[in-house]
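Just so you know, these numbers use all the heavy atoms, side chains as well, and skip hydrogens, waters and symmetry mates.
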Amino acid sequence: MATQTKFDTQDKHRFLLNMGPQHPATHGVLRVVLEMDGEYTMGIDPILGYGHRMQEKMGESKVWPGFYPNTGRMDYVGAMPFNHGYVALIERMAGVTVPERAEYIRVITSELNRISSHLLGIGAYVLDLGAFTPILYAFDDREDILDALEDITGSRLTYCYYRAGGVSKDIDDTFIRRTRAFIENFRTRIPMYNDLVTNNIIFIKRTKDVGIITADMARRYGATGPVLRGSGIAYDIRKSEPYSVYSQFDFDIPTGENGDSLDRYNVRIHEMEQSLRIIEQALDKLPDGPVYEKPKKVKLQPGDCSFSVETARGALTYYLVGDGSETPYKLKIRVPSFSNLSLLREMCEGMLIADLVSAMGSLDLVIPEIDR
Amino acid sequence: MSGYFSEIYTGGKSLLIGLGVTFRAFIKPVVTVQYPREKIDVSPNIRGHIELIKCNDIEAKHDCRVCGMCAKNCPCNCIVVEGEKQEGVKGKVLTVFTVDFTKCSLCGLCVETCSRSALRFSNEYELAGFTREEFHFDLIKRLEEK
Ligand code: SF4
Ligand code: SF4
């Protein structure tokens, strides 16, 4: 794929540098063409599409339940909220009611998934900065979540657990015990992360005042999630437009001040603490009852409908146009990482290449979600 | 100048604290599992490829009545179900039930739609092969071999 940007390579000091892609069989294939002046990046051109799988078209080519497995395969790190957005969209469109217990289970599993996603994001970010150890600690904790979720969903990563009208399987005492044990354990681990990473002088030097995104810039590009909140804007769909049963829980929206990479990292750490609070409250209030009421044959009425959820990376919107059949006429997915990536050029122009890696890592991009 | 030295001090301290974390992990018990020599028990609920459930302990019998709903509902078109009429038997008798695991996305729609609860996920997770055909499973044969 050729780059569209006109680079200034006439100047004999300028040269082009290719960042990525790795092999297409790996996840996350992003190619960024950099125009370098020595160690400074003067031009940046991200090239997308290596992982394009026509997800939207696939949604339009089969009956609506057929898209369930696809939802978990866009953001493979935080698949649960992607499941959630799609089933909630169908529920809104067809007026399907969801048992309360199922809504609680959705919140619990989504928040667990958010923590596991942030753990991976943080681990991989520090790995990008050259420290190998923290990702192993993060994976250690993440393993507890994956084990618990595996037991009820059957998968470790690409979940296909939610259904329009509930969830496919009830949670049991083992899951609740495991989740409570995880919460307790993880609370003691967060100070350890602070010792190991957050307060580390090298980490601070490499992230503080690097890749500053001002609130105005974040708004202009439609940044979402921790990237937006890192710039000081407390916008979270779970609060501003509460879906499911999020309005019943007490939690805060952590924000940053400067909008630099360190702030975005800190927002993620604090968000994990808030997720623990949500899970704890949800487990305490968990009502009894059925978890799945299979809806009668759902036809997608002519007309359109959209639904937004807050994924680990920000706002995700599904937009669907129905034509009276069971197959969506049009399905559009607005993913968070795409708008977050679009910040890259303005954020990183004129930066040292080492800082560019740091700033780009702090966006916590998941490429298959951008390419989808 | 004093800022310079205080930064050296706080920075050095932060590095030592970080090393302390590493050191504590160093003396903790080993958590790495030496797969494949050692194995962890997997959850019985994991989703392997689908299989027919044996409904009778003595012979290889299943409950499938060849309604074809699983094949129809599969979003990946990976199930093939065929049956035929046999004398003296009510309804159809299953003759072919294959699943192309290379295409399966483990969504669980087939297991959920089966009104006779004749399907379930197996716990097979150690699958590797050189050809695609190795993953085209014949579930009737599999049931008989069990
Ligand atoms: S849905 Fe069940 S009964 Fe019908 S063909 Fe499939 S396995 Fe057999
Ligand atoms: S799990 Fe899903 S994709 Fe796999 S065979 Fe069943 S219906 Fe098809």
Side-chain angles (χ1 to χ4, degrees), chain A residues 58-59 61-73 83 131-134 136-137 139-140 143 146-163 166-169 171-172 174-175 178 189 191-205 292 294, chain B residues 4 6-26 28-33 40-50 69-79 103-115 119-125:
Chain A
M58 271 197 251
S61 62
K62 22 188 193 190
V63 291
W64 64 264
F67 195 63
Y68 283 154
N70 294 61
T71 57
R73 281 162 174 81
N83 278 195
F132 189 82
T133 343
L136 298 177
Y137 290 86
F139 266 51
D140 192 4
E143 197 65 22
L146 295 195
D147 282 347
L149 288 180
E150 180 186 30
D151 202 29
I152 54 160
T153 65
S155 340
R156 290 176 74 80
L157 209 58
T158 49
Y159 308 110
C160 178
Y161 178 51
Y162 301 169
R163 303 277 183 266
V167 295
S168 67
K169 192 171 183 296
I171 57 175
D172 52 10
T174 327
F175 176 79
R178 271 184 159 163
R189 296 273 284 188
M192 189 270 303
Y193 285 106
N194 291 339
D195 284 347
L196 191 66
V197 185
T198 322
N199 299 330
N200 183 294
I201 184 77
I202 304 171
F203 178 73
I204 294 175
K205 289 266 169 201
Y292 185 26
K294 204 170 178 180
Chain B
Y4 177 75
S6 79
E7 200 173 348
I8 290 184
Y9 174 72
T10 49
K13 202 170 120 197
S14 81
L15 292 182
L16 286 179
I17 292 174
L19 277 177
V21 174
T22 317
F23 183 72
R24 277 198 298 278
F26 182 66
K28 274 199 191 137
V30 178
V31 289
T32 312
V33 177
I40 329 179
D41 293 332
V42 295
S43 154
N45 299 327
I46 65 155
R47 293 182 182 174
H49 65 79
I50 51 167
M69 283 314 283
C70 51
K72 184 165 168 276
N73 274 320
C74 172
C76 310
N77 291 333
C78 52
I79 303 178
K103 290 200 276 177
C104 173
S105 53
L106 295 172
C107 61
L109 291 177
C110 52
V111 176
E112 279 164 37
T113 43
C114 181
S115 54
L119 288 177
R120 69 167 175 218
F121 287 112
S122 67
N123 280 350
E124 213 103 345
Y125 66 98

Handout entry: Which of Leu19(B), Leu15(B), Asn73(B) touches chain A most, by non-hydrogen pairs under 4.5 Å
Key = Leu15(B)
Handout entry: Option that, when pairs with chain B are counted at under 4.5 Å, heavy atom only, ranks first among Lys205(A), Arg163(A), Lys62(A)
Key = Arg163(A)
Exercise for the section: Salt-bridge test for Arg47(B) and Glu150(A): reply yes if a basic N is under 4.0 Å from a carboxylate O, no otherwise. Expected result: no
Practice task
Calculate, to the nearest 0.5 Å, the distance between atoms CG and CZ belonging to Leu149(A) and Phe175(A) respectively.
Solution key: 5.5 Å
Handout entry: Gap separating the CD1 atom of Ile79(B) from the NZ atom of Lys103(B), nearest 0.5 angstrom
Key = 11.0 Å
Handout entry: Which atom of Asn83(A) lies closest to which atom of Cys160(A), heavy atoms considered
Key = OD1-CA, 3.6 Å
Exercise for the section: Give the minimum heavy-atom separation between Glu112(B) and Ser168(A), together with the two atoms involved. Expected result: OE2-CB, 3.4 Å
Quick check on [X] against chain B: is it the side chain, the backbone, both or neither that has a heavy atom closer than 4.5 Å?
| X | result |
| --- | --- |
| Thr153(A) | backbone |
| Tyr137(A) | side chain |
| Arg73(A) | side chain |

Handout entry: Thr22(B) portion near chain A, given a 4.5 angstrom heavy-atom threshold
Key = both
